[in-house]
Amino acid sequence: MKPTPENPEPRWPAVVALLAVGCLRLILPEELSFGPKWLVLVVLVPLLIPTIMARRRGNHTLNQVLGYLITSIVTLDMAWSLCLLIGTLPSHKETPQTLLVSAAALWITNILVFASWYWRLDAGGPRERELRGVHTDGAFLFPQMTLNPESRKTMGEDFWSPGFVDYLFLAFNTSTAFSPTDVPVLSRWAKMLMMIQALISFTTVALLAARAVNIL
């Protein structure tokens with residue numbers, strides 16, 4: 001179905017992803033968190049409510065600003081926890097089980113956070129993509145964009161536009177394969193973000209493996 005201002009792209013997957021980030025933080029021990037473990041959720045929920053209301057009332061500028069603010073908060077919190085994890089490994093203070101769970105939580109958080117950035121920044125964001133109606137240009141070259149008009153119409157993709165799940169898939173591949181797999185990257189800012197995401201994912205896995213070797 002064609003995404004338009006009258007028939008907008010669903011935003012609930014992006015909201016669920018942010019809430020999941022807050023819930024994953026509850027798994028981390030206090031030593032790997034900035035403040036109480038529930039702090040991110042307490043900050044996210046009050047910010048998500050006016051963000052959703054702003055969009056429903058047509059205040060798209062406020063919606064965009066709050067969206068950037070929320071995504072920046074979870075990004076900084078993830079980076080802080082990752083730094084604390086790196087600092088904790090040499091001291092051997094945490095148990096192997098705690099380190100494994102914490103690394104897994106941060107790895108998943110990394111995927112959700114960067115999926116949110118790709119979704120929010122690509123081609124001006126979801127609102128701009130809705131206004132255009134069909135996605136033909138952006139920071140990422142999705143397979144649907146490479147089809148000729150006849151093929152797109154035959155496949156029912158003539159009004160295709162990426163949603164949050166498409167960017168989630170892209171972020172998942174970046175954290176697992178350390179590459180965008182089937183979606184080439186065209187923009188410099190997107191290449192920089194993907195390099196940062198892949199570096200975070202690699203660091204988390206490599207440090208955990210190194211710790212496991214020391215345990216064995």
Side-chain angles (χ1 to χ4, degrees), residues 10-52 66-89 91-122 126 162-178 180-181 193-212 215:
R11 301 295 200 273
W12 66 263
V15 174
V16 170
L18 291 172
L19 291 175
V21 170
C23 292
L24 285 168
R25 196 179 191 273
L26 299 175
I27 301 175
L28 299 178
E30 296 287 352
E31 293 77 11
L32 300 182
S33 302
F34 178 79
K37 294 192 290 185
W38 42 260
L39 181 60
V40 169
L41 274 177
V42 170
V43 173
L44 278 180
V45 173
L47 286 175
L48 281 172
I49 294 174
T51 303
I52 295 171
L66 290 174
Y68 285 141
L69 176 61
I70 293 172
T71 311
S72 298
I73 289 173
V74 295
T75 303
L76 292 174
D77 183 74
M78 178 189 66
W80 180 264
S81 294
L82 180 63
C83 291
L84 292 177
L85 176 64
I86 295 173
T88 300
L89 287 175
S91 65
H92 301 270
K93 291 181 179 179
E94 303 294 340
T95 64
Q97 293 82 1
T98 301
L99 288 175
L100 178 62
V101 171
S102 300
L106 287 175
W107 187 80
I108 297 173
T109 298
N110 183 42
I111 294 174
L112 297 175
V113 167
F114 279 91
S116 299
W117 278 119
Y118 302 147
W119 174 77
R120 191 164 293 282
L121 294 174
D122 187 31
F164 184 82
V165 174
D166 297 290
Y167 296 104
L168 180 62
F169 180 72
L170 173 65
F172 177 82
N173 288 336
T174 303
S175 283
T176 52
F178 306 117
T181 60
L193 278 185
M194 296 191 77
M195 284 192 292
I196 295 172
Q197 182 195 350
L199 179 61
I200 292 174
S201 179
F202 178 79
T203 301
T204 304
V205 174
L207 289 175
L208 188 62
R211 182 70 176 93
I215 293 173

Distance, nearest 0.5 Å, that separates CG of L193 from OG1 of T75: 9.0 Å
Donor-acceptor pair, side chain of T71 and main chain of G67, under 3.5 angstrom: yes
Side-chain heavy-atom pair W12, I52 within 4.5 angstrom cut-off: no
Side chain to side chain contact (heavy atoms under 4.5 Å, CB included) between I108 and L24, intermediate numbers included: CA-CA 8 Å; I108 297 173; L24 285 168; 3.6 Å; yes
Which atom of I111 lies closest to which atom of S175, heavy atoms considered: CG1-OG, 3.5 Å
Contact check, side chains of I73 and L47, non-hydrogen atoms, under 4.5 Å: yes
Mutual orientation of the aromatic rings belonging to Y68 and W117 [parallel < 30°, tilted 30-60°, perpendicular > 60°]: parallel
Donor-acceptor pair, side chain of D166 and main chain of G163, under 3.5 angstrom: yes
Taking every non-hydrogen atom, the tightest pair across L28 and L32: CD1-O, 4.0 Å
Which atom of Y167 lies closest to which atom of P162, heavy atoms considered: OH-CG, 3.1 Å
Straight-line distance of I49 CD1 to L66 CG, nearest 0.5 Å: 12.0 Å
Side-chain heavy-atom pair L106, I200 within 4.5 angstrom cut-off: no
Residue pair L19 / V45, side-chain heavy-atom distance below 4.5 Å: yes
Non-hydrogen side-chain atoms of T174 and F114 separated by less than 4.5 Å: no
I70 CD1 to L18 CG distance, which is reported to the nearest 0.5 Å: 6.5 Å
Atom pair CG (L121) and OH (Y118), whose distance is rounded to the nearest 0.5 Å: 10.0 Å
Nearest non-hydrogen partners of S102 and P29, listed with the distance: OG-CD, 3.2 Å
For the student: nearest non-hydrogen atoms of L84 and S33, plus distance: CD1-N, 3.9 Å
R25 side chain vs M78 backbone, donor-acceptor pair below 3.5 Å: no
Spatial distance of atom CG (L44) from atom CG (D77) [nearest 0.5 Å]: 9.0 Å
W107 vs T176, side chain to side chain contact (heavy atoms under 4.5 Å, CB included): CA-CA, chis, key distance, verdict: CA-CA 10 Å; W107 187 80; T176 52; 3.4 Å; yes
Any V74 side-chain heavy atom under 4.5 Å of L112 side chain: no
